[in-house]
Q: 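Sharing a structure, written as structure tokens. Questions coming.
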Amino acid sequence: MQSTVSILGATGSIGESAADILERDRRLGAGARFRVRAVTAGTKVAELAAVARRLGAEMAVIRDVGSYRALKEALAGTGIDVAAGEEAVCEAAALPVDRLISAIVGAAGVAPTAAGIRAGNDVALANKECLICAGAAFMALARQMGVRILPVDSEHNAIHQLLAGHDPAAIDKLVLTASGGPFRARSAADLARVTVEEALCHPTWSMGPKITIDSATLMNKGLELIEAHHLFAFPPEQLDVLIHPQSKVHAFIVFRDGSWHGELGAPDMRRPIAYCLNWPERAETATSHLDLAEIGTLSFEKPDMQRFPALRIAREALARGGGSTTVLNAANEVAVAGFLGRQISFMAIPALVEEVLEAADRAGLLHEPESVETALALDGRARQLAKLRLTEAA
Ligand code: NAD
Ligand code: MG
């Protein structure tokens, strides 16, 4: 029996890695394990048409309505259905599949992923912003629909593997590793001057621009603590971060008796994606296997919250709970776009996020969103506050 799959964000970094797995599988012909239903993208018509053809998808959907005709032309004669617009992306997410790969970047991924969950689709979740923006409500919706959320994010994927079969009560803490990003060894004075080009140069992972900047500020690791809290239902004080520059160990779980268990693998997202597609089975992947003797040394250090305030700010938002992480996520998306657009400096990213959190608190906005829709409404309010500050700061 073939499993069916759709990819939201098929033209991105995660989308491409997923497409690589599915294309290799498709070459098996009658022995192929997967069949692709929908692929979606934001604006990249040519790339979307190409991936739809490569994977033999049933349907290709572009979010940008103005690109409908171009996509239709690019796929003429293929028999692949074409649609455009935000609603069409949600409809594509709701086509029944065994796995919905959620790999849109940012809170733009929340509504389509929620539409997929409402249709009863199990989700391979790369879009961590679903959990930062709408955490409790998002997980409640998944529980209510009886769908499984399999984490693609490498650290959470590692924890998913490590926790299997263990009683959570036996576990003292979950430890996420972080590469430390390109600026791990920079002084505070240096950090104030880093350029967009330097920040986009990640030492160990090749990823889309937004998460690459989040990795440079360490906001990504803060977002991942929030993600872990919702996925695994561990309280914030049982979640920890260790800097590990080689990115070979993706996470540890630490038992109450002091035993540490880690998951290791090459920094290649095709491994966690394949895990989520094949779960509960395992399949071979095209990723290289680790040669630990050649690597020789694995090192670990504490994160520096003084030089990287984004991690502290995210931790505080997690501890405070309610709408704090929704606001944190929205403000961070606006700030990162402002940095990439060269409107603000690198260190202005965490500063802007903190200011927006304070403003949202003063405006009484930080109560818990009771549904995914109220989380998205709060996301919209927080973006307004952040954009106002961005124009003041620029
Ligand atoms: P990316 O920027 O490379 O790709 C984003 C995809 O989303 C593209 O296909 C784009 O067309 C689509 N998209 C963007 N805006 C959209 C919109 N408004 N509506 C519909 N589609 C839209 O991003 P990425 O690096 O692949 O990351 C995707 C998600 O996975 C992010 O949430 C990120 O945090 C998470 N993630 C990525 C990695 C990685 O290695 N890249 C690792 C862990 C988690
Ligand atoms: Mg990660």
Side-chain angles (χ1 to χ4, degrees), residues 6-20 38-52 60-65 67 71 83-90 92-93 101-113 115 123-133 151-160 176-179 181 200 202 204-215 218-228 231 241 244 247 249-251 263 265-273 276 287 329 332-333 336-337 340 376 379:
S6 291
I7 313 176
L8 303 177
T11 58
S13 166
I14 291 286
E16 275 177 21
S17 294
D20 181 79
V39 287
T40 81
T43 53
K44 292 185 174 169
V45 173
E47 287 89 338
L48 178 63
V51 72
V61 182
I62 191 92
R63 197 213 114 120
D64 175 33
V65 184
S67 299
L71 183 62
E86 206 175 338
E87 242 172 71
V89 172
C90 290
I101 302 177
S102 168
I104 292 172
V105 60
V110 174
T113 309
V123 178
L125 187 71
N127 180 281
K128 65 190 85 187
E129 292 90 348
C130 278
L131 293 171
I132 323 304
C133 171
V152 169
D153 207 352
S154 55
E155 299 77 5
H156 307 75
N157 185 269
I159 292 171
H160 190 269
L176 310 178
T177 62
S179 71
L200 282 174
H202 196 276
T204 52
W205 293 96
S206 159
M207 310 179 285
K210 193 257 176 182
I211 183 175
T212 303
I213 301 304
D214 285 346
S215 300
L218 290 201
M219 180 60 90
N220 184 50
K221 215 44 61 177
L223 301 181
E224 289 185 354
L225 287 170
I226 300 163
E227 183 184 10
L231 283 171
V241 171
H244 167 48
S247 299
V249 185
H250 305 297
E263 191 262 350
D268 182 334
M269 291 307 292
R270 289 178 300 178
R271 193 169 29 78
I273 295 167
C276 293
T287 62
N329 183 67
N332 182 55
E333 284 191 33
V336 169
L340 286 171
L376 286 172
D379 172 89

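Whatever order the structure lists ligands and atoms in, that order sets their numbers, starting from 1. This chain uses plain numbering: 1 for the first residue, then up along the sequence.
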Q: Locate the shortest heavy-atom distance separating Asp268 from Pro272; write the atom from each residue and the value.
A: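 That closest heavy-atom pairing would be O-CD, 3.4 Å.
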Q: Compare every heavy atom of Cys133 with every heavy atom of Ala107, then report the nearest pair and how far apart it is.
A: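 Ala107 and Cys133 have their closest heavy atoms at CB-SG, 4.5 Å.
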Q: Between ligand 1 and Gly15, is the shortest N or O to N or O distance under 3.5 Å?
A: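 Between Gly15 and ligand 1 (N or O atoms, distance only) the closest approach is not under 3.5 Å.
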Q: Does the N or O separation between Val89 and ligand 1 drop below 3.5 Å for any pair?
A: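 Among all N and O atoms of Val89, none is under 3.5 Å from an N or O of ligand 1.
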Q: Please determine which of Leu71, Val61, Thr43 meets the side chain to side chain contact (heavy atoms under 4.5 Å, CB included) test together with Leu48.
A: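 It is Leu71; the other options fail the test.
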Q: Using only N, O or S atoms, tell me which atom of Glu155 is closest to the Mg ion (ligand 2).
A: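 It is OE1 of Glu155.
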Q: Write out the residue and atom name of the closest protein heavy atom to atom 35 (C) of ligand 1, then the distance separating them to 0.1 Å.
A: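 Its nearest protein heavy-atom neighbour is Ala126 O, 3.1 Å.
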Q: Using a 4.5 Å cut-off on heavy atoms from C-beta on, say whether the side chain of Ile14 contacts that of Asn127.
A: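 Side-chain contact under 4.5 Å: no.
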Q: Testing the basics here: between Leu340 and Pro209, what is the closest heavy-atom pair and its distance to 0.1 Å?
A: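 Closest approach of Leu340 to Pro209: CD1-CB, 4.2 Å.
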Q: Could a heavy atom of Met269 be found less than 4.0 Å from some atom of ligand 1?
A: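 Within the 4.0 Å threshold, so yes.
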Q: Looking only at protein heavy atoms, which one is nearest to atom 6 (C) of ligand 1, and how far off is it?
A: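 Sorting protein heavy atoms by distance from atom 6 (C) of ligand 1 puts Ala103 O, 3.6 Å first.
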Q: Please list the nearest protein heavy atom to atom 11 (O) of ligand 1 with its residue and the distance rounded to 0.1 Å.
A: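 Nearest neighbour among protein heavy atoms for atom 11 (O) of ligand 1, to 0.1 Å: Gly42 N, 2.8 Å.
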Q: Among protein heavy atoms, which lies nearest atom 3 (O) of ligand 1, and at what distance?
A: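 The closest one turns out to be Ser13 N, 2.9 Å.
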Q: Who's the nearest protein heavy-atom neighbour of atom 37 (C) of ligand 1, and how far?
A: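 Ranked first by proximity to atom 37 (C) of ligand 1 is Ile14 CG1, 3.4 Å.
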Q: Identify which of Thr11, Ile104, Leu8 has a heavy atom lying nearest to atom 9 (O) of ligand 1.
A: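 Minimum heavy-atom distance to atom 9 (O) of ligand 1 goes to Thr11.
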Q: One residue to check: Ser154. Relative to ligand 1, which of side chain, backbone, both or neither has a non-hydrogen atom less than 4.0 Å away?
A: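 Under 4.0 Å from ligand 1, Ser154 contributes no heavy atoms.
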Q: May I ask you to list the atoms of ligand 1 that are less than 4.0 angstrom from any heavy atom of Ala10?
A: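 Once the distances to Ala10 are compared, the set is 9 (O).
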Q: Between Glu155 and Lys128 (salt bridge meaning N to carboxylate O under 4.0 Å), is one present in this structure?
A: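 No, Glu155 and Lys128 are not salt-bridged.
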Q: Quick check on Lys210: does its NZ atom have over 12 non-hydrogen neighbours (other residues, nucleotides or ligands) under 6.0 Å away?
A: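 More than 12 within 6.0 Å, yes.
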Q: If you look at every heavy atom in Cys130 and Gly109, which pair is closest and at what distance?
A: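 Smallest interatomic distance, heavy atoms only, reads SG-O, 3.9 Å.
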Q: Hey, looking at atom 18 (N) of ligand 1, which of Ala108, Pro272, Cys90 has the closest heavy atom?
A: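 The option holding the nearest heavy atom is Ala108.
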Q: Could you tell me the residue and atom name of the protein heavy atom closest to atom 32 (O) of ligand 1, and the distance to it rounded to 0.1 Å?
A: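 Minimum-distance protein heavy atom for atom 32 (O) of ligand 1 reads Glu129 OE1, 2.6 Å.
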Q: What is the nearest protein non-hydrogen atom to atom 17 (C) of ligand 1, stated with its residue, atom name and distance?
A: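 Scanning the protein heavy atoms, the shortest distance from atom 17 (C) of ligand 1 goes to Arg63 CD, 3.5 Å.
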Q: Tell me which N, O or S atom of Asp153 sits nearest to the Mg ion (ligand 2).
A: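 Per the distance ranking, Asp153 contributes OD1 as its closest N/O/S atom to the Mg ion (ligand 2).
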Q: Judged by atom type as modelled, is there a donor-acceptor pair below 3.5 Å linking the side chain of His156 to the main-chain atoms of Glu227?
A: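 Checking the backbone N and O of Glu227 against the side chain of His156, no donor-acceptor pair under 3.5 Å is found.
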Q: Of all N/O/S atoms in Glu224, which lies nearest to the Mg ion (ligand 2)?
A: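 Restricting Glu224 to its N, O and S atoms, the minimum distance to the Mg ion (ligand 2) goes to OE2.
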Q: Measure the distance from atom 43 (C) of ligand 1 to every protein heavy atom, then report the residue, atom name and distance (to 0.1 Å) of the closest one.
A: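 Ranked first by proximity to atom 43 (C) of ligand 1 is Asp153 OD1, 3.1 Å.
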Q: Enumerate the atoms of ligand 1 whose separation from the nearest heavy atom of Ala41 is less than 4.0 angstrom.
A: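 Once the distances to Ala41 are compared, the set is 11 (O), 21 (N).
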Q: Is the closest heavy-atom distance from Lys210 to ligand 1 below 4.0 Å?
A: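 No, Lys210 has no heavy atoms under 4.0 Å from ligand 1.
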Q: List every atom of ligand 1 that sits less than 4.0 Å from any heavy atom of Gly9, numbering the atoms from 1 in the order shown and giving each element.
A: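 Under 4.0 Å from Gly9, ligand 1 has these atoms: 6 (C), 7 (O), 9 (O).
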